[in-house]
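First listed ligand is number 1; within each ligand, the first listed atom is number 1.
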Amino acid sequence: MLRIGMLTSGGDCQALNAAMRGVVKCIYNRADDKIEFYGFEDGYRGLIYSKFRMLTNDDFTGILTRGGTILGTSRTPFKTIREPDENGLDKVAAMKQNYYKLQLDCLVILGGNGTHKTANLLSEEGLNVITLPKTIDNDLWGTDMTFGFQSAVDIATKAIDQIHTTASSHGRVFIVEIMGHKVGWLPLNAGMASGADIILLPEIPYDIDKVIDKIEERDRRGSRFTIIVVAEGAISKEDAKLSKKDYQKKLANYAFPSVSYELADQIQKKTGREVRVTIPGHVQRGGEPCPYDRVFASRLGAEAGKLILKKQFGFMVGYKNREMVKVPLAEVAGKLKSVSPDADIIKEAKMLGISFGD
Ligand code: F6P
């Protein structure tokens, strides 16, 4: 008998279901033993509070193309995972207890950065863990690609494409805010794919005067409009110089709903141009996975299944230099894969005339 627990944790994304289906299909096709799958509901919460259901074949039928997660998800912050809950429950001990009570052979955990810290902790505590890299941010260390990312790039690109026509008709400056608080892969790729003129990323602090220079340069060349793609976590050069504490203080008293509105205000005041802000928000994480993510997540799932059958645990299945790899969880946990300001893609974007406001 092989008993496998599964959970999806953190912000959802496209192809979570495709990845779980991949694991299950691989195991059903290759295992000799009888198999039981247990799905924990709403991420680590289900494992802590023993909320689970046994999954049958029916659960995995027709879900390759379905967005979201059939298990539900939630954010369970790693920084408080060692603290008892409001009723004094030791969360880590509870997760271990539930794992052993169900006599699980392993846990398959699908998640991003925060999820991987807890997955590594559980692995260090002696549980058999395999993880799969999900996030629209593509910021997980140890893998060139995460599932969800390409689907989100598609959606964000389409949103910016739509803005292009109306920006052009009205001759306006448009700011489109794209998800990515700490890391800018999504705004960078969607911005390039949609022909944005300016892309502002968390990794490259911007100078408002440089942003305005670019808008004015376009005006001089007769372009009636400018498209600025702004990451949620874009930061000005002045703010980047602040200590973490002072920056938090600024945000606590912030007069704007987000950085995009502050930029819009500055551009409007300095240039007199009409500026509009569009925020696609969670649309970027919703709906069905694109074909790339369906294939990629299925492949990751199959590789995870293979590791489980070989009883190799403590790894994230990733994709490096066009090969599927297994990366020790201890190497992945707590590290971000950021956009380097010196990366080739940034240099190439600059060659194309895209400004990063630096
Ligand atoms: O981590 C994925 C992500 O969509 C980020 O891009 C975004 O900043 C964040 O989650 C939004 O979080 P929430 O869904 O909790 O509002």
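Remark: minimum distance from atom 4 (O) of ligand 1 to any protein heavy atom is reached at Arg285 NH1, 2.9 Å. Summary of contacts: the protein heavy atom closest to atom 8 (O) of ligand 1 is Glu232 OE1, 2.5 Å. Of the protein's heavy atoms, Asp137 OD2, 3.4 Å lies nearest to atom 5 (C) of ligand 1. Scanning the protein for heavy atoms near atom 12 (O) of ligand 1, the closest one is Arg75 NH2, 3.0 Å. Looking at atom 16 (O) of ligand 1, its nearest protein heavy atom turns out to be His282 NE2, 3.2 Å.
For the residue pair Asp154/Gln150, the side-chain donor-acceptor check at 3.5 Å is not satisfied. Side chains of Tyr28 and Asn57: no donor on one and acceptor on the other come within 3.5 Å. For the residue pair Thr131/His116, the side-chain donor-acceptor check at 3.5 Å is satisfied. A side-chain N or O of Tyr254 and one of Glu262 form a donor-acceptor pair less than 3.5 Å apart.
For Tyr319 and Phe147, the ring centers sit 6.0 Å or farther from each other.
Polar contact with ligand 1: absent for Thr135 (N/O pair, distance under 3.5 Å).
Between Val23 and the options Leu110, Leu132, Leu307, a side-chain contact (heavy atoms from CB on, under 4.5 Å) holds for only Leu132.
Residue-ligand proximity, His181 to ligand 1, at heavy-atom distances under 4.0 Å covers atoms 8 (O).
The closest approach between Gly180 and ligand 1 falls below 4.0 Å for a heavy atom of the residue.
With a heavy-atom cut-off of 4.0 Å, Ile136 touches ligand 1 through its side chain alone.
Between the Ser123 side chain and the Ala119 main chain, no donor and acceptor come within less than 3.5 Å of each other.
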